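Below is one structure, written out as structure tokens, with a few remarks after it.
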Amino acid sequence: MGNIKLVSSKGKSQKEYRAPKAQSVQKAQKVPNVRRRRTAAKTALIIILIIVVGIASLVFALGFYVRNLDTVFPNVWADGIDLSGMTMDEAVNALIAAGFENNADNVSATVRFPNDESFTITGNDVGFAFNAKEAAEAAFSVGRNGSSFLENDIRFVRSHIERTDLRDVSRSGFDDGLVREIVAEHTREFNLALIDAAYTIGDDSIIIEVGMGIMPAAAASVLALTVETLFRALEEQAHLTVTYYPAEGDIYSIDLQLLYDMISVEPVSAVYDRETFSATESSYGVSFDMEAAKAMLDNARRGEVVVIPLVVTEPELTTEELNSMLFRDVLGERMTRIAGNANRLNNIVVSAEFIHETKLNPGDVFSFNQIVGRRTRERGFREAGGFVSGRLVDVLGGGICQTSSTIYYAVLRANLEVLERQPHGMTVSYIPLGHDATIVWGQHDLRFRNNRDYPIKVEVVVEGREITARLLGTSVDDTFITTDFVILQTTPFEVITKEDPDVPPGRTIVDLDGSTGFVVEVFMNKFDGDGELIERWSIGRSTYRVQNRVILVPPETEYGEGTYETPSGETTPGAPPNEEVLDTPQDDIFDEPPAEYVPQDDIFTESPVEEPSVTSPEEPDSYEQAD
């Protein structure tokens, strides 16, 4: 393009303007270059998108394939068994066929100590879990537990070039605690054996030869060696033996703490055994002065003999001392004389034998009926006199109330807690008023509790015509008990005659014997060792009903006027030449105490200060065994 001249309308020349050639060329070329670059970028972007989509599709396809793959990844082995490409069932069968589940029998570790002591732990001992299904599941999970699909895909790809060996599939059942216990036990035994070889225990000392022997074993080191050997045996499927060596070159110095722990014991006092009714075994305490023993060993030369004195501590209470305290004291005792025929004596003997040497722990309850049991012929009882509706007849076990009454009296003297006791309906002659205890199977029992701190023993012995009840125990002080009673009311019996056509003329028959009625109150008296009264208290009242004496006579028309005297001194109309008593056992007929009543042992009678109000006694039971 040339120069351009600008000419005015008058033809005069104006300023000349020259256009830049290069700038015009650039503007002409710019448009096609930009278009070409934009086209290239679009092409590159399309290619990249195609590649990304392709890779994503490949990853997705591979991930889908891996997720749905039902076989073990390539190059996966379990304890030396190739499980590559197997399904779960195929892997299980392959493991079983290879003897995988029997491998625990082929694994063991034996650890020896320098003194030839040793112990062995097997795969079965520590619970190595050789389970084919669990191993197959472990192999199947290889490569499948990643956090993303891509990670699992990468693991799958890598499995084609890298081998995975599952060596720990048997560790799932490994019992580390059991191994520790076994190692600790055998290490202690080894160390104790060293100590045993290094010292001697005498009667009053420990004798140690300094510097002899080897170092004791360290439990932590033995444990580490044992576990290492076990897993090496597992890997090699073998039985391996190793030897533990303490620090080489060290001279054994006795472990004083271990020695102390081994021989030191606390004294054990005897205690009462409720099962055996005797004292348990006591023992002396043994120890030594640790500080003094350490100083002696530190100052001793190699080969020198050190004598460490033993400290012996006595128990607070030895077996012999406690046994000597048990049943040593007579807490209460009573003897009564036995009247009546041989059958009555037999029943008292039999009941006494059932009870003799009965032992009661503190808190235990004595029951006469429970111990003696039902009175039957098969159990040795016989018929003897017993009251039925106020009349004396033969009943099985008649007379055993004398056994219960004698025991009850001893119980009062022992000051035991009486839980159940019933007086007789009428008075008995062999024991003081208020001190008897009637027994009726299913109705009345004698029960008392051992309310002392020590056991008691009930002894009941019959010798000749005497029965003695004795309570043995442990007295903790010198106090003692006596009893006495006060007669609150006396009701004399009357003599009543009744006409009976069956009585022969000129004779009389005693139908019922008479018994005076009483109301008495019994008191307990506690004295100290010097005989000074400490306390006096009432334990209640006993009521004995009156029973009139009934004499059968012939009809009055067969007698003339006048009176006759009965054997007991009373007078009644008529004067028969003889009196006949009904044919009933007389050994269990008990009259009232004589007018001049002599106290027995510690029984004292006295008149009440004032006559108390006394209610009428209740009607007696329909049946009561005679005593």
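Worth knowing before you read on, the calculation uses all heavy atoms, side chains too, and leaves out hydrogens, waters and symmetry mates. Because the structure is a prediction, the values reported are computed rather than measured.
A 6.0 Å sphere centred on CZ of Arg374 holds no more than 12 heavy atoms belonging to other residues, nucleotides or ligands. Other residues, nucleotides and ligands place no more than 12 heavy atoms under 6.0 Å from the CG atom of Asp453. Under a cut-off of 6.0 angstrom, the local environment of CZ in Arg337 is sparse, with at most 12 non-hydrogen atoms contributed by other residues, nucleotides or ligands. Heavy atoms from other residues, nucleotides or ligands lying under 6.0 Å from NZ of Lys526 number 12 at most. The 12-atom threshold is exceeded at CD of Glu466, counting heavy atoms of other residues, nucleotides or ligands nearer than 6.0 Å. Under a cut-off of 6.0 angstrom, the local environment of CD in Glu535 is crowded, with over 12 non-hydrogen atoms contributed by other residues, nucleotides or ligands.
Ion pairing between Arg274 and Asp364 holds under the 4.0 Å rule for side-chain N and carboxylate O.
Between Phe527 and the options Thr479, Thr482, Ile481, a side chain to side chain contact (heavy atoms under 4.5 Å, CB included) holds for only Thr482. Of the options Ser404, Ser542, Ser405, a side-chain hydrogen bond (donor to acceptor under 3.5 Å, both in side chains) to Arg421 is made by Ser542 and by none of the others.
Between the CD1 atom of Ile201 and the CG atom of Leu310 there is a distance of 6.5 Å, given to the nearest 0.5 Å. Residue Thr403 holds its OG1 atom at 10.5 Å from CD of Glu353, rounded to the nearest 0.5 Å.
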>> Run the ring pair (Phe, Tyr, Trp, His ring centres under 6.0 Å) test on Phe518 and Tyr544 for me, step by step, so that the C-alpha distance in whole Å, both residues' side-chain angles and the decisive distance to 0.1 Å come before the verdict.
In response: CA-CA 5 Å; Phe518 292 95; Tyr544 303 93; 7.3 Å; no
>> I'd like to know whether Thr226 forms a side-chain contact (heavy atoms from CB on, under 4.5 Å) with Phe119, so could you lay out the CA-CA distance, the side-chain angles of the two residues, the decisive distance to 0.1 Å, and finally the verdict.
In response: CA-CA 10 Å; Thr226 303; Phe119 65 91; 3.7 Å; yes
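Judged by the 6.0 Å and 45° rule, Arg549 forms no cation-pi pair with Phe493.
Closest approach of Val350 to Arg379, counting heavy atoms only: CG1-O, 3.7 Å. The two residues Glu420 and Gln443 make their nearest non-hydrogen contact at OE2-O, 4.1 Å.
Counting heavy atoms from C-beta on, the side chains of Thr474 and Arg452 never come closer than 4.5 Å. At least one side-chain heavy atom of Leu345 sits less than 4.5 Å from a side-chain heavy atom of Val462. Side-chain contact check for Thr406 versus Thr468: every heavy-atom pair is 4.5 Å or farther apart.
Between Phe381 and Phe354, the ring planes are parallel. Angles under 30° get that label, and only those over 60° would be called perpendicular.
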